[in-house]
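Just below is one structure, and these are the notes that go with it.
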Amino acid sequence: QVQLVESGGGLVQAGGSLRVSCAASGRTFTNYAMGWFRQAPGKQRELVAGISSGGSTNYADSVKGRFTISRDNAKNTVYLQMNSLKPEDTAVYYCAASRFPGATLEGLYEYWGQGTQVTVSS
């Protein structure tokens, strides 16, 4: 089992920045690819960014150049730095863990956090 706890969400104005964190506990963190997903009201959950155990990253086109995913294996923590935020970034953000390197499909992620709300005001 892997337990994931997100933190750092909140309310920010458009153009602002926010960093959300996800602390992992349980099985060896370094064995897992990590992803940040988001779900806006009335929309499907989507992958925002992923990072492999080796540090390779991938991003949704909508956030490329604005968001950065990183991981600190010594702290068992993954981060999502969000810059130049837009109202359309408003969503509940979830972190998730996968045994599959470079996983992009939601179904490949086994463990999920409870989510943290990010609201961007215009």
Side-chain angles (χ1 to χ4, degrees):
Q1 288 284 340
V2 176
Q3 293 79 42
L4 302 172
V5 179
E6 300 99 334
S7 61
L11 175 64
V12 64
Q13 288 188 331
S17 298
L18 203 62
R19 188 177 79 163
V20 290
S21 303
C22 173
S25 60
R27 293 189 176 179
T28 305
F29 178 70
T30 53
N31 289 346
Y32 290 85
M34 300 298 296
W36 282 101
F37 290 76
R38 68 185 180 188
Q39 187 168 22
K43 294 188 177 181
Q44 288 189 330
R45 189 156 56 184
E46 62 174 351
L47 177 66
V48 174
I51 186 166
S52 71
S53 57
S56 298
T57 59
N58 59 281
Y59 296 93
D61 287 343
S62 59
V63 306
K64 280 181 182 176
R66 299 189 298 122
F67 290 12
T68 303
I69 188 171
S70 61
R71 65 190 297 161
D72 185 336
N73 291 333
K75 295 183 178 180
N76 287 359
T77 301
V78 61
Y79 305 97
L80 184 67
Q81 176 67 45
M82 302 180 286
N83 299 328
S84 302
L85 282 160
K86 304 175 181 180
E88 51 263 44
D89 295 318
T90 295
V92 177
Y93 283 71
Y94 299 89
C95 77
S98 173
R99 290 176 294 163
F100 298 94
T104 58
L105 298 177
E106 182 176 339
L108 295 179
Y109 284 82
E110 306 166 70
Y111 303 104
W112 293 82
Q114 82 288 352
T116 186
Q117 177 71 45
V118 172
T119 303
V120 184
S121 63
S122 57

In the single-linkage hydrophobic clustering (I, L, V, M, F, W, Y; side-chain heavy atoms under 4.5 Å), do [X] and [Y] co-cluster?
| X | Y | value |
| --- | --- | --- |
| Val92 | Trp112 | yes |
| Phe29 | Tyr79 | no |
| Val118 | Met34 | yes |

### Message
Between Val5 and Gln3, does the side-chain contact (heavy atoms from CB on, under 4.5 Å) criterion hold? Intermediate values first, please.
### Response
CA-CA 7 Å; Val5 179; Gln3 293 79 42; 5.6 Å; no
### Task
Could you grab the distance from atom CG of Leu4 to atom OG of Ser25, nearest 0.5 Å is fine?
7.5 Å
### Query
Rounded to the nearest 0.5 Å, how far does OG of Ser62 lie from CD of Glu88?
9.0 Å
### Message
Between Ser52 (side chain only) and Gly55 (backbone N and O only), is there a donor and an acceptor less than 3.5 Å apart?
### Response
yes
### Message
I'd like to know if the side chain of Thr77 reaches the main chain of Lys75, judged simply by a donor and an acceptor atom lying under 3.5 Å from each other, with no hydrogens or angles considered.
### Response
yes
### Query
Got a sec: does the CD of Gln1 have more than 12 other heavy atoms crowding it under 6.0 Å?
no
### Lys/Arg cation over aromatic Tyr59: Arg66, 6.0 Å, 45° cone
no
Using a 3.5 Å cut-off and no angle test, enumerate the donor-acceptor pairs between side-chain atoms of residues 8-24 and protein atoms at least two apart in sequence or in another chain.
| unit_1 | atom_1 | unit_2 | atom_2 | d |
| --- | --- | --- | --- | --- |
| Ser17 | OG | Asn83 | OD1 | 2.9 |

### Message
Would Gln117 and Tyr93 count as a side-chain contact (heavy atoms from CB on, under 4.5 Å) here? Give the steps.
### Response
CA-CA 6 Å; Gln117 177 71 45; Tyr93 283 71; over 6 Å; no
Is any side-chain heavy atom of [X] less than 4.5 Å from a side-chain heavy atom of [Y]?
| X | Y | result |
| --- | --- | --- |
| Gln114 | Glu6 | yes |
| Ile51 | Val78 | yes |
| Ile69 | Val48 | no |
| Asp89 | Phe67 | yes |

### Message
Restricting to salt bridge (charged side-chain N to carboxylate O under 4.0 Å, His left out), what partner residues turn up for Lys64, sequence neighbours left out?
### Response
Asp61
### salt bridge (Lys or Arg N to Asp or Glu O under 4.0 Å) pairs, two or more places apart, involving residues 46-60
Arg38-Glu46
### Task
Name all pairs fulfilling the salt bridge (Lys or Arg N to Asp or Glu O under 4.0 Å) condition that reach into residues 100-122, sequence neighbours left out, sorted by first residue then second.
Arg45-Glu106, Arg99-Glu110
### Message
Using 30° and 60° as the class boundaries, would you call the ring planes of Tyr32 and Tyr111 parallel, tilted or perpendicular?
### Response
perpendicular
#### Entry: Any residue meeting ring pair (Phe, Tyr, Trp, His ring centres under 6.0 Å) with Tyr109, in chain and number order, not counting sequence neighbours
Phe37
### Task
If you link ILVMFWY side chains whenever their heavy atoms are less than 4.5 Å apart, which other residues fall into the same cluster as Phe100? By chain and number, please.
Leu105, Leu108
